[in-house]
Amino acid sequence: MMRTRPLKVALLGCGVVGSEVARIMTTHADDLAARIGAPVELVGVAVRQPSKVRAGIDPALVTTDATALVKRGDIDVVIEVIGGIEPARTLITTAFEHGASVVSANKALLAENGAALHAAAEQHGRDLYYEAAVAGAIPLVRPLRESLAGDKVNRVLGIVNGTTNFILDKMDSSGAGYSEALDEATALGYAEADPTADVEGFDAAAKAAILAGIAFHTRVKIGDVHREGLTEVTAADIASAKRMGCTVKLLAICERAADGNSVTARVHPAMIPLIHPLASVREAYNAVFVEAEAAGQLMFYGPGAGGPPTASAVLGDLVAVCRNKLGGSTGPGESAYTRLPVSPMGEVVTRYHISLDVADKPGVLAQVATVFAEHDVSIDTVRQSGKDGEASLVVVTHRAPDAALSGTVEALRKLDTVRGVASIMRVEGE
Ligand code: NDP
Ligand code: HSE
């Protein structure tokens, strides 16, 4: 039975994502009504610049007073696509206080204040949904929160930032420069308002924190995630990866420790073999592997950024939240009962690719190998190319703790024969 009284929706933000949300709400209004069981009506659109021309948006709905909009008291669902911490945080809590459920795409806020926002939603008996916050259009949050709720997830690994994948793909495949590729990603609507969030790994770290929290039923904040961006990745690293039959990707990796008593979460560039499925993830696509005890390995793949893909995830949440509302229920809240601590990066065990500039004379290789041995880091392969008394040495190690590798590099830097450590990159996915 279709209810005739519409559910009222307030849209906070009408940029890359918000404008697409509004467009789909309008063009698919009849289908959405049929799927929900009631029409949904956009009753207000909060923005910063009211005079901007916004195709398809009734100017009468546009306001700069987002607070008044969420305080109306008759709003069923607030969609927050402003981004950043404030005013988004206050607007979302005010929305709960005034009876609305919330759909948000704001990973930065959820990774910083997720626990408090979930608590506010629960206190007011409302929903907080955020599928769009992680990996754009890819259904990942709901599968982890609901479909895998009966299993034990041990690992989540993948590419969760479209902008950086786009940049690395362009640098690798067409030899484009870093700035040129970033400009293109920004023009296509993939990058954050401040693209530093993408290239320095903050955006991926926020997503890793959200994924780790849901996957391991614990609380992980963005500050708990070890983060390295791609600004240090050089054309030489990419060329070296190619020589090894690898490519470079910015990965997010969340793992439960073997003893089950802690978790780790990290974001950093890594070399992965060309035969690994993540190596073929191109442009702004994302892909995430989830390893669960009973399910085994699952792969989620799709567009990770951009207006229409992200709006698809927002609309999916809108339908779910509206259905809950009509059914007089709410969806799953926060599940953080395991309270597992997050271990430091030093405890992570993986492989490394280290590129050194050294003097090309007898005994240097032995000196370098001794430093690795003294730190209990076992060498897998060594490649040397030399010219005019200087050489470039590329060492790939077997698996070793990150702390042992850091100690090795510190000691290598002190050797007279080591002119410099050109790059250190982890090797994953083997
Ligand atoms: P944009 O910068 O394109 O849009 C932001 C919108 O918020 C604009 O309409 C802006 O108004 C409005 N706004 C900014 N400050 C205020 C304020 N104080 N009060 C009211 N409105 C305000 O961002 P995106 O659409 O790209 O991103 C929105 C959110 O979605 C972010 O959390 C982002 O991380 C997330 N997201 C983005 C994806 C993408 O591919 N772009 C993918 C997944 C998630 P005005 O138009 O007047 O400037
Ligand atoms: N800036 C983000 C990215 C948007 O490039 O992945 C999607 O979350």
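Start at 1 and go down the list; that is how both ligands and their atoms are numbered.
In this pair, Y337 and H217 present their aromatic rings tilted. The plane angle is within the 30 to 60° band.
When each atom of ligand 2 is checked for a heavy atom of N161 under 4.0 Å away, the hits are 2 (C), 3 (C), 5 (O), 6 (O). Near E192, the atoms of ligand 2 lying under 4.0 angstrom from a non-hydrogen atom of the residue are 1 (N), 2 (C), 4 (C). Counting the atoms of ligand 2 from 1 in the order shown, those under 4.0 Å from a heavy atom of Y190 are 1 (N), 2 (C), 3 (C), 4 (C), 5 (O). The distance from ligand 2 to the heavy atoms of K207 drops below 4.0 Å at these ligand atoms: 2 (C), 3 (C), 6 (O), 7 (C), 8 (O). Less than 4.0 angstrom separates some heavy atom of G162 from each of these atoms of ligand 2: 3 (C), 5 (O), 6 (O).
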Side-chain polar contacts of residues 179-189 - donor-acceptor pairs under 3.5 angstrom, sequence neighbours left out - could you list them?
unit_1, atom_1, unit_2, atom_2, d
E180, OE1, G177, N, 3.4
T186, OG1, L182, O, 2.9

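Side-chain atoms of D237 and S423 include a donor-acceptor pair closer than 3.5 Å. D357 and S392 form no side-chain donor-acceptor contact under 3.5 Å, judged by distance and modelled atom types alone. Inspection of the N106 and S104 side chains reveals no N or O donor paired with an N or O acceptor under 3.5 Å.
Remark: side-chain polar atoms of R126 are paired, donor with acceptor, to backbone N or O of G99 under 3.5 angstrom.
Listed here is the closest heavy atom pair of G84 and A88: O-CB, 3.5 Å. L250 approaches A204 most closely through the heavy-atom pair CD2-CB, 4.3 Å.
Rounding to the nearest 0.5 Å gives a distance of 9.0 Å between OG of S101 and CG of L128.
Scanning all protein heavy atoms for the shortest distance to atom 7 (C) of ligand 2 gives G304 O, 3.3 Å. In this structure, the protein non-hydrogen atom closest to atom 8 (O) of ligand 2 is K107 NZ, 2.5 Å. T163 OG1, 2.6 Å is the protein heavy atom nearest to atom 5 (O) of ligand 2.
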Starting from the N and O atoms of ligand 1, collect every protein N/O partner closer than 3.5 Å and put each pair on its own line with the distance to 0.1 Å.
unit_1, atom_1, unit_2, atom_2, d
ligand 1, 3 (O), V16, N, 2.9
ligand 1, 9 (O), C14, N, 2.8
ligand 1, 9 (O), G15, N, 3.0
ligand 1, 11 (O), R48, N, 3.2
ligand 1, 25 (O), V16, N, 3.2
ligand 1, 25 (O), V17, N, 2.9
ligand 1, 34 (O), K107, NZ, 3.3
ligand 1, 34 (O), E192, OE1, 2.7
ligand 1, 34 (O), E192, OE2, 3.4
ligand 1, 40 (O), G189, O, 3.3
ligand 1, 40 (O), G306, N, 2.6
ligand 1, 41 (N), G189, O, 3.1
ligand 1, 46 (O), K52, NZ, 3.2
ligand 1, 46 (O), R54, NH1, 3.0
ligand 1, 46 (O), R54, NH2, 3.2
ligand 1, 47 (O), R48, N, 3.0
ligand 1, 47 (O), Q49, N, 2.6
ligand 1, 47 (O), R54, NH2, 2.9
ligand 1, 48 (O), R48, NH2, 3.1
ligand 1, 48 (O), Q49, NE2, 2.7

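Considering both main-chain and side-chain atoms, N286 never comes within under 3.5 Å of ligand 2 through any nitrogen or oxygen pair.
Not counting sequence neighbours, Y129 has no partner by the ring pair (Phe, Tyr, Trp, His ring centres under 6.0 Å) test.
For residues 314-337, the set of pairs meeting the salt bridge (charged side-chain N to carboxylate O under 4.0 Å, His left out) definition, not counting sequence neighbours, comprises D76-K325, R142-D317, R219-E334.
Of the heavy atoms in T164, none comes closer than 4.0 Å to ligand 2. Contacts of D198 with ligand 2, taken as heavy-atom pairs under 4.0 Å, involve the side chain alone.
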